[in-house]
Structures are given as structure tokens and as C-alpha cells.
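Start at 1 and go down the list; that is how both ligands and their atoms are numbered.
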Amino acid sequence: MSQPHEERFMQKIDAEEKIEPKDWMPAAYRKNLIRQISQHAHSEVIGMQPEGNWITRAPSLRRKAVLLAKVQDEGGHGLYLYSATETLGITRDELIEALQSGTAKYASIFNYPTQTWADVAAIGWLVDGAAICNQVSLQRTSYGPYSRAMIRICKEESFHQRQGYEAMLAMARGSAEQKQMAQDALNRFYWPALMMFGPHDAESAHSAQSMTWKIKRETNDDLRQKFIDQTVPQIEFLGLDHPDPEIQWNEERRHYDHGEIDWEEFYNVIKGNGHANRQRLSHHIHAHEEGQWVRDAVNAYNKKHKAARNKAA
Ligand code: BYC
């Protein structure tokens with residue numbers, strides 16, 4: 001019975017047509033998308049915390065206004081992505097419950113603390129830079145609502161990356177102490193930014209199936225290499241030292257060779273043992289509970305107006 005459906009589904013994927021919410025799709029495609037898109041949404045929302053932490057301490061009014069706008073954008077990205085996930089037949093409450101109970105993951109990078117203002121600059125430059133590398137590719141993902149959310153998000157993300165690099169440049173060209181802060185932030189965030197692309201392709205549980213279904217359009221290692229290659233001249237332009245002593249141009253591959261990521265650290269962080277995992281989740285739970293009255297008010301308003309509309313009809 002499901003054979004013609006399956007064939008038609010694969011024909012659409014092969015023809016680069018988008019799969020839309022009401023189209024037939026294999027249960028495993030739906031499940032994998034719910035996992036990936038919701039984890040992406042959680043990353044955007046949890047990602048507000050390390051930077052939000054610096055809004056009251058930004059070094060100037062201009063930096064504060066820019067940071068406020070950026071953090072607010074990340075919240076908006078989370079909302080587009082939660083909405084895209086909901087089109088697959090799961091509720092917002094179920095998604096939030098999965099995050100808060102630790103069943104669903106979010107990007108490992110947000111479990112690292114932001115110790116100085118330079119860390120905020122490094123996040124904009126490296127973390128948003130890594131996110132764009134991935135998200136540009138995801139604009140062509142096969143699921144329509146995810147693809148459309150990505151197109152919109154990428155536009156905002158490129159402003160985020162530029163504001164981070166501009167803040168980093170100001171520090172790298174500042175006093176000796178400021179330049180040292182920029183170097184320290186680069187050293188702290190470079191390796192965790194590389195981890196954002198996930199495990200090596202050979203270790204990646206979902207990649208092969210996700211590539212066949214065109215949920216993912218490029219592999220973890222290919223995207224990571226792209227990011228490494230584009231970051232080398234950016235570090236040079238800042239006049240900072242590259243954190244990877246093994247970084248070296250390979251003329252034959254036309255890519256940079258590089259040192260190995262500390263995978264033990266990566267797996268430790270995604271298992272919940274990073275510096276800030278517990279703090280991030282408990283802050284989310286607290287903020288969610290504090291917002292209960294807003295959800296109650298919206299629900300009561302909707303209920304009242306729905307009743308009034310029904311009566312009028
Ligand atoms: N962190 O089979 P794999 C942003 C998990 S935030 C934590 O390769 P997949 C921003 C993975 O989930 C941007 N977990 O997985 C916001 C899987 O575990 P489960 C976030 C990770 O899905 C604020 C297991 O490891 N971007 O822009 O094929 C401020 C095996 O991995 C990580 C996205 O979420 C990690 N780094 O590939 C600034 C992009 N890596 O789920 C910026 C959308 C892997 O089986 N997501 N895991 O329990 C993706 O593109 C893919 O999900 C990934 C992983 C490339 C991340």
C-alpha cells in the first residue's frame with residue numbers, strides 16, 4: 001500500500017521539489033526532521049543565554065543596542081523553527097518538555113561560559129559564522145517549512161557574523177590588553193565552534209539517511225572544512241595567532257590540513273557535563289515558569305474571542 005507513496009516521495013526528493021506538511025512522508029523522515037529542527041530551535045533559544053548575559057555590561061550604548069537586537073533575533077529564529085517543527089504534528093509543549101527533561105539536545109557550544117566581552121565578539125564571529133556555513137546549505141533542505149525558515153534566518157545571521165567580527169577587530173586593534181582578550185576568546189571558542197558541525201562523517205549516526213532524503217545537503221566534515229578554510233584569512237587579518245598549531249595549506253587538496261578535535265570533550269558536553277549545561281536548563285525552566293501567566297492570558301483571550309466569534313456566526 002505504501003509503495004507508490006514511497007516512490008512518489010523519492011521522485012519529489014530527486015526532482016528537488018519540496019515536501020510540504022500535508023504530503024505523504026515516511027515516518028522515519030518525519031521523526032528525523034522533528035529531531036533536527038527542534039534541536040535547532042532549542043539551540044537558538046538556549047543560545048540567547050551566553051550573550052544575553054552581557055547585555056547589561058556591553059562596553060557602549062552602541063554595542064548594547066546591537067547586542068540586544070541580535071539576541072532578540074535569536075529568539076525569533078527559535079520561534080520560526082518551533083513553528084516549522086509543529087507542522088510535523090508535534091506540539092510546542094512536547095518540544096519544550098523534551099528540552100527541559102534533557103531528552104532533546106541543543107548545540108554543545110552554548111554550554112561554554114562567556115567570561116569576557118571578547119567572548120561575545122567571538123561568538124558573533126565564530127559561532128554565527130559556523131551556523132551560517134551550515135544554514136546556507138540547509139536553505140536547500142527538502143522540507144519546505146524548514147527551508148523557508150532557513151532562508152530568512154540566514155539573512156539575519158550574516159549581520160550577526162559581521163557585528164561579531166567588527167567587535168573582534170576593534171579589540172584586536174585596541175590596547176595590548178584588549179588584543180590579548182581577543183586572542184584568549186579566539187583560543188576558547190575556536191575548537192568548540194568546530195564541534196558545532198557534529199562528529200566525523202564516519203561516526204555520524206544520522207548523516208547517511210539525512211543526505212539521501214536531502215534533509216542535510218552537505219556532510220558534517222565538508223561543512224567543517226569550509227568553515228576552517230574561511231576562518232584562516234580572517235584570523236590573519238585580525239593579526240591574531242591561529243589556535244591550531246597544525247593548520248597548514250595543502251596545495252593538493254586545496255584545503256587547510258588541521259589538528260584533531262578533542263572528541264572526548266565534545267561527547268562529555270553533549271552528555272550534559274559541560275561547564276554550563278545545568279545552568280542553561282535551569283535558567284530556561286525558571287524563565288518558562290515565570291512566563292506561565294502570559295500563556296494563560298493569551299489562552300484565555302483566544303478562548304473568549306473564539307466563543308464570541310462562534311456566537312456571532
Ligand atoms: N551539539 O548523527 P549526527 C545558532 C548530536 S545555533 C550537540 O551527525 P545530525 C546560534 C546529534 O544531535 C545553530 N549535539 O547528527 C544561536 C546526534 O544526537 P541525537 C544550531 C550534537 O543531526 C544563538 C548525535 O550528536 N544549528 O545559530 O545528522 C547565537 C550524532 O550526530 C552536535 C543547528 O542546529 C552539537 N554540535 O548532524 C549564535 C543546525 N553535533 O539527536 C548562533 C541544524 C551533533 O541522535 N542541525 N550532535 O540525540 C544540523 O545541521 C545537524 O543536526 C548537525 C548534527 C550538523 C548539528
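Aromatic ring centroids of Tyr106 and His40 lie 6.0 Å or more apart. In this structure, the ring of His305 has its center less than 6.0 angstrom from the ring center of Tyr301. Less than 6.0 angstrom separates the ring centroid of Trp263 from the ring centroid of His200. For His77 and His160, the distance between ring centers is under 6.0 angstrom.
Atom OG of Ser108 sits about 7.0 Å away from atom CE of Met195, to the nearest 0.5 Å.
For ligand 1, one of its N or O atoms has an N or O atom of Ala205 under 3.5 Å away. Between Ala131 and ligand 1, not a single N/O pair is under 3.5 Å apart. Considering backbone and side-chain atoms alike, Tyr146 places every N or O at 3.5 Å or more from each N or O of ligand 1. Residue-to-ligand polar distances place Gln39 within reach of ligand 1: an N/O pair is separated by less than 3.5 Å. For a threshold of 3.5 Å applied to N or O pairs, the pair formed by Lys70 and ligand 1 contains no separation below that value. Any N or O atom pair closer than 3.5 Å counts here, and Arg35 shares at least one such pair with ligand 1.
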Could you go through Thr231 and Tyr256, starting from their C-alpha distance and side-chain angles, then the distance that decides it, and tell me whether this counts as side-chain hydrogen bond (donor to acceptor under 3.5 Å, both in side chains)? CA-CA 10 Å; Thr231 306; Tyr256 281 92; over 6 Å; no

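Within the structure, ligand 1 has Glu51 among the residues with a heavy atom less than 4.0 angstrom away. Using 4.0 Å as the threshold, Glu157 has a heavy atom nearer than that to some atom of ligand 1. Distances from ligand 1 to the non-hydrogen atoms of Glu203 include no value under 4.0 Å. Residue contacts with ligand 1 leave out Ser210, since none of its heavy atoms falls under 4.0 Å from the ligand. Not a single heavy atom of Tyr267 sits under 4.0 Å from any atom of ligand 1.
Listed by number with element, the atoms of ligand 1 under 4.0 Å from a non-hydrogen atom of Ile270 are 1 (N), 7 (C), 14 (N), 25 (O). Those atoms of ligand 1 that come under 4.0 Å of a heavy atom in Asp128, given as number and element, are 38 (C), 42 (C). Of all atoms in ligand 1, numbered sequentially from 1 with element shown, those under 4.0 Å from a heavy atom of His206 are 2 (O), 15 (O), 19 (P), 28 (O), 45 (O). Proximity to Lys216 (heavy-atom distance under 4.0 Å) selects the following atoms of ligand 1: 8 (O), 9 (P), 28 (O), 37 (O). Atoms of ligand 1 lying under 4.0 Å from any heavy atom of Met196, numbered from 1 in the order shown and given with element: 36 (N), 56 (C). Residue Gly198 has at least one heavy-atom neighbour below 4.0 Å for each of these atoms of ligand 1: 40 (N), 44 (C). Short contacts between ligand 1 and Met195, defined as distances under 4.0 Å to a heavy atom of the residue, involve ligand atoms 36 (N). Close approach to Ser204 involves these atoms of ligand 1, each under 4.0 Å from a residue heavy atom: 2 (O), 3 (P), 8 (O).
In the model, Arg152 has a side-chain atom that pairs as donor or acceptor with a side-chain atom of Tyr80 under 3.5 Å. Side-chain contact check for Ser207 and Lys216: at least one donor-acceptor pair (N or O, by modelled atom type) lies under 3.5 Å. Counting only N and O atoms by type, the side chains of Asp184 and Thr116 include no donor and acceptor under 3.5 Å apart.
At a heavy-atom cutoff of 4.0 Å, ligand 1 is contacted by no atom of His77, backbone or side chain. With a heavy-atom cut-off of 4.0 Å, Phe197 touches ligand 1 through its backbone alone. In Asn134, the part holding a heavy atom less than 4.0 Å from any atom of ligand 1 is the side chain. Residue Asn220 touches ligand 1 through its side chain alone, judged by heavy-atom distances below 4.0 Å.
Within 6.0 Å of CD on Gln230 lie more than 12 heavy atoms contributed by other residues, nucleotides or ligands. Within a 6.0 Å sphere centred on CD of Gln248, other residues, nucleotides and ligands contribute 12 heavy atoms or fewer. The number of heavy-atom neighbours closer than 6.0 Å to OH of Tyr267, taken from other residues, nucleotides and ligands shown, is above 12.
Of all protein heavy atoms, the one closest to atom 10 (C) of ligand 1 is Phe110 CZ, 3.5 Å. In terms of protein heavy-atom proximity, atom 49 (C) of ligand 1 is closest to Gln36 NE2, 3.6 Å. Scanning the protein heavy atoms around atom 30 (C) of ligand 1, the nearest turns out to be Pro199 CG, 4.0 Å. At the shortest separation from atom 48 (O) of ligand 1 among protein heavy atoms lies Lys105 NZ, 2.5 Å. Here the protein heavy atom with the shortest distance to atom 47 (N) of ligand 1 is Phe266 CZ, 4.1 Å.
Comparing Ala193, Ala208, Gly129, Ser108 against atom 1 (N) of ligand 1, the shortest heavy-atom distance belongs to Ser108.
For the pair Asp257 and Arg253, the salt-bridge criterion is met [side-chain N within less than 4.0 Å of a carboxylate O]. Looking at Asp229 and Lys226, no side-chain N of the basic residue comes within less than 4.0 Å of a carboxylate O on the acidic one, giving no salt bridge. Residues Lys214 and Glu17 are not paired through a salt bridge, judged by the lack of any N-O separation under 4.0 Å between the basic side chain and the carboxylate. Under the 4.0 Å criterion applied to side-chain N and carboxylate O atoms, Arg162 and Asp128 are not assigned as salt-bridge partners. Salt bridge annotation for Glu16-Arg217: present, with a cationic side-chain nitrogen under 4.0 angstrom from a carboxylate oxygen. Ion pair Glu44/Lys70 not flagged as a salt bridge, since none of the NZ, NE, NH1 or NH2 atoms sits closer than 4.0 Å to an Asp/Glu carboxylate oxygen.
Atom 32 (C) of ligand 1 is flagged as protein-proximal [any protein heavy atom, distance under 4.0 Å]. In this structure, atom 24 (C) of ligand 1 has its sub-4.0 angstrom surroundings free of protein heavy atoms.
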